[in-house]
Amino acid sequence: MLKLLSGGRLLPNCKSNYFPKPFCSIRYLRTSSYSNIPNFIQISSNESGSNDQGIDIDLLFHSSTNTHLAKRLHALLIVLGKVQSLFISTRLLNLYSNLGNICLCQQTFDHITKKDVYTWNSIISAYVRNGIPSEAVNCLYKMLKYEVKPDFYTFPPVLKACWNLNDGSRIHSLILKTGLEWDVFVAASLVHMYCRFGLFDAAYQIFTNMPYRDMGCWNAIISGFCQNGKGEKALEVLDEMKLEGIKMDSVTVSTILPVCAQMDDMVQGRLTHLYVIKHGLEHDLFVGNAFINFYAKFGEVEHAQKVFDSLVIRDLISWNSIIAAYEQNNNPDYALNFFNKMQMDGFKPDLLTIVSIASSIAQSRDSQSSRCVHGFIQRRCWFEKDVIIGNAVVDMYAKLGDADSARKLFDKILLKDVVSWNTMITGYGQNGLANEAIDVYHTMVEIEHVTPNQGTLASIIPAYAHIGALKEGTTTHGRVLKTGQLLDVFIGTCLIDLYGKCGDMEDTMKLFYEVPKSSSVPWNAVISCLGIHGHGETSLKLFRNMLDDGVQPDTITFISLLSACSHSGLVEQGEWCFNVMQNDYGIKPSLKHYGCLVDLLGRAGQLEKAYNFIKNMPLQPDASVWGALLGACRIHGNADLGKLALDRLLEVDPDNVGYYILLSNIYANAGKWDGVNRVRSLANSKGLKKTPGWSSIELNNKMEVFYTGNYSHPQCDQIYEELENLMTKMKILGYIPDYSFVLQDVEEDEKQHILTSHSERLAIAYGIINTPARTPIRIFKNLRIPSIIHTVPIFLLYELVFWEVPLLHLIKILQTSGLQVMSAFRASLLLVPFKLPSTTPTYTIAFAFASTCLRNLQLQVYKRRNKRMTTNDNAEVELRSFLSNRLDPLGQPSREIMGIMGQFMQV
DNA sequence: TTAGGGTTAG
């Protein structure tokens, strides 16, 4: 009975994993030095003349470990007249197939005149094994045409090869006709095929109806579920299998492990490891490789290493896995070290090795090796072989900051997939080239008609956020809504970041409440955005909510919190966070955390304390730490400490032009022009050039970019005319240009020119000309050197504008008051002057204000428009004390104002 | 004597 049902064969599957291809070499097959005749022939003639007695053909087949030897054997067999034998020629065909030479397979196959079912089965499996599945399916149809009846060896490889449901069903009905549907191999293949096409019910039905199931069948349904996104269902079947008393074998284990990793189920994985040890499967190659990958995904590289060490036999996948393990866990040096060891062990790297190595090289910032990798791949023509390798190298160049090389290679990739596009978009984004990223995105969607996936959105939305292209970002948001991707935590977080950075806190919070919040990622984004806009207290409140929700804060959470405290001047709270992070969550502060704390103390004016803090740091302070101190010195005009900070900075990061500019600005503000010159000539002698500042504005879905003093814009004349116009109006209002912000020692009229032709002014003028009244104008600036960016609490500016404080006073007050001028990284300013007398040229005020006080700032200037306001939690208290201290002549705030303030507080 | 299903690395 059993014999019948299983297709006549009930032999256990005895393939050995230890010696996958047990070829042994034999001495007399080595190449002879004096002949171009196959050695086999010499052997045969020397030893036994024309008689082939004494030649072990089976041994010769086993010993033909490369195509060269196989050809010699082929020649010998021709000489011996053995190729007429259908059996021998089919065996040759299989030999070439094993050696991966599909051309010779085809030739051998074509030379066989009368092909039997063995021959057809062999060529079919040759096509499947050598990656030409479509030909395998064709062969089935051809053999039917030649009236050769397929058997139970024919169907499994054909089912494996068929990649559309039509062929699948057709083959299924053929199987039914031949009555082979319950052969365990055939049935397992059917089950797997239906899973591949997502017909899980059909697959499961076949599986449950099977009169006899071997391990292969169980594994077929489990792997079918696993590989097609039905991990949970797979685990259910696994339980069912255990209930029937069937034990997992090495195939089951290696199938199930990736699912455990995917489902974040460390416990199941560990239990499986115990099972494996108990049942003596731990030295199995597949199992071992699967465990290396399993542990690597959980960041447990030591365990991965232990498994690797315990493997008796290793293959290329073992090496690739351990290399990837180190690469993915940010240990590029170990990855590269294992790469060398692997080669010493005689393994040649393949495509996937190089993918990991490219990433490791990017991590270790080794530009020189990046060229070697590029050449290595080019010489082997691997770029043509698989798109993934091209993508990896584009990514490598982008991560090394070489966007040009990345682009050159990207352009050369002929068959780009969606990952190629995503990589290029991300690559530009990572290098601050948001406009280029957006260009690539447009080409991808509009010209190449590639459908964006989650990865695309996750790379393009940050690019929009970077340049403040809120409108385009909103369009993308619409696309996300249409495809129902909103619940995706990555895209949700990108959108939170976009709205947050553009200052739209209401939409930010709305989104935040829609996105799944089980991980720290969306919390970090919202805490950081609130911090940027000076809502430090709200950031802290959300942090508490996060803890109440049982979400574990991570290192990024504390960076966001510390910088939020820093931007809101919450020194005590910031120090509290720094302690909680270490004591309650065991997170060791990184250089970034130290940088934030120095920034916090520095901005608050506690320069000495900040300096002492640096001196007592357990880590070697880096550029970000000294940079924070230098920035604080700039704010508080401490040139001596600034000089000291710069000296340290030049030791750790000598090529960053930003620091020279900072110190130069400190000297310039103090009128020490000799200091300015000294710093500038130092920078020049090192060949450093200032990054040109630009501002951008988005109009009619197009980004316009302006550079300082630029005259190339088509509307240039109108822009400068509008600027003069504004200047006149402002002067009438009492505006006196503050040249202390022109940090160059030039004549007064030249200073005025420099001040009026700043890129953000050009962009504002362009915006005013080209938009109707009551349209918000949103300007973004590229230069965002932390610590020199100032912002003012919005409520305060609103208040001052409302009271129609003369502009001169306004600017002076804002410049001299230490209380209200707060610093912010990527800050944005909202001017929302509703209820103003209709004659007040609001935008002019905003413009003057921005130009004099807020040069390095992302600026949102709203023309007169009733719109909600964002506010600082301390707004009212600060405002009251500010008004009572500084604005005596204007009296106390009226009830009306308090009412408006109340509205702000509700936001 | 040959050939077949189900497993691991991005």
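Quick note: numbers below take in every heavy atom, side chains included, and nothing from hydrogens, waters or symmetry partners. A note on names: the letters A, B, ... follow the listed sequences, proteins ahead of strands, and every chain is numbered from 1. In this text the structure is predicted, and so the values were computed from the model without any measurement.
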Original post:
To the nearest Å, how far apart are A/Asp350 CG and B/dT8 C1'?
Top reply: 13 Å
**OP:** Consider the side chain of A/Leu351, meaning its heavy atoms from C-beta on, and name the nucleotide among B/dT8, B/dA3, B/dG10 that approaches it most closely.
**Re:** B/dG10
Original post:
Separation of A/Lys160 atom NZ from B/dA3 atom P, in whole Å?
Top reply: 14 Å
Subject >> Separation of A/Phe291 CZ from A/Leu281 CG (nearest 0.5 Å) >> reply: 9.5 Å
**OP:** To the nearest Å, give me how far apart CH2 (A/Trp120) and C1' (B/dA3) are.
**Re:** 14 Å
Original post:
Counting only side-chain N and O atoms of A/Gln328, is one of them less than 4.0 Å from OP1 or OP2 of B/dA9?
Top reply: no
Subject >> Between P of B/dG6 and NE2 of A/His192, the distance in whole Å >> reply: 6 Å
Original post:
Does the base of B/dG6 carry an N or O that pairs as donor and acceptor with the side chain of A/Asp249 under 3.5 Å?
Top reply: yes
**OP:** Taking only the side-chain heavy atoms of A/Ile388 (C-beta and beyond), determine which of B/dT2, B/dG10, B/dA9 contains the nearest atom.
**Re:** B/dG10
Original post:
Atom CG of A/Leu180 to atom C1' of B/dG5: distance rounded to whole Å?
Top reply: 13 Å
**OP:** Looking at every strand, decide which applies to A/Ser254 at a 4.0 Å heavy-atom threshold: base, sugar-phosphate, or nothing.
**Re:** base
Original post:
With distance as the sole criterion, do the side chain of A/Thr255 and the base of B/dT7 form a donor-acceptor contact below 3.5 Å?
Top reply: no
**OP:** Check every atom of B/dG10, B/dT8, B/dG6 against the side chain of A/Ala290 and return the nucleotide holding the closest atom.
**Re:** B/dT8
Original post:
How close or far is atom P of B/dT8 from atom CD of A/Gln262, stated in whole angstroms?
Top reply: 12 Å
Original post:
Between B/dA3, B/dT7, B/dA9, which one does the side chain of A/Pro258 approach most closely?
Top reply: B/dA9
Original post:
Separation of A/Leu285 atom CG from B/dA9 atom C1', in whole Å?
Top reply: 12 Å
**OP:** Compare the minimum distances between each of B/dT2, B/dA3, B/dA9 and the side chain of A/Arg129, then state the nucleotide with the smallest one.
**Re:** B/dA3
**OP:** Among B/dT8, B/dA9, B/dT2, find the nucleotide with the atom closest to the side chain of A/Asn94.
**Re:** B/dT2
Original post:
Relative to the ring of A/Phe376, is the ring of A/Trp382 parallel (under 30°), tilted (30 to 60°) or perpendicular (over 60°)?
Top reply: perpendicular
Original post:
Quick one: A/Leu95 CG to B/dA3 C1', roughly how many Å, whole number?
Top reply: 14 Å
Subject >> Closest nucleotide among B/dG5, B/dT2, B/dA3 to the A/Ser125 side chain >> reply: B/dA3
**OP:** Verify whether the ring centers belonging to A/Tyr204 and A/Phe200 lie closer than 6.0 Å.
**Re:** no
**OP:** Assert yes or no for the condition that the ring centre distance of A/His273 to A/Phe294 is strictly below 6.0 Å.
**Re:** no
**OP:** Taking only the side-chain heavy atoms of A/Met215 (C-beta and beyond), determine which of B/dG5, B/dA9, B/dG6 contains the nearest atom.
**Re:** B/dG6
**OP:** Output the single nucleotide from B/dA9, B/dT8, B/dA3 whose closest atom is nearest the side chain of A/Phe286.
**Re:** B/dT8
Subject >> Nearest listed nucleotide, side chain of A/Asp214, among B/dG5, B/dT2, B/dT7 >> reply: B/dG5
Original post:
When we call it a touch if two heavy atoms are under 4.0 Å apart, what does A/Asp116 touch: a base, just sugar-phosphate, or nothing?
Top reply: nothing
Original post:
Between A/His374 and A/Tyr397, is the ring centre distance below 6.0 Å?
Top reply: yes
**OP:** Mind running side-chain contact (heavy atoms from CB on, under 4.5 Å) on A/Met241 and A/Lys247 for me, showing each step along the way?
**Re:** CA-CA 8 Å; A/Met241 180 177 119; A/Lys247 284 190 173 129; over 6 Å; no
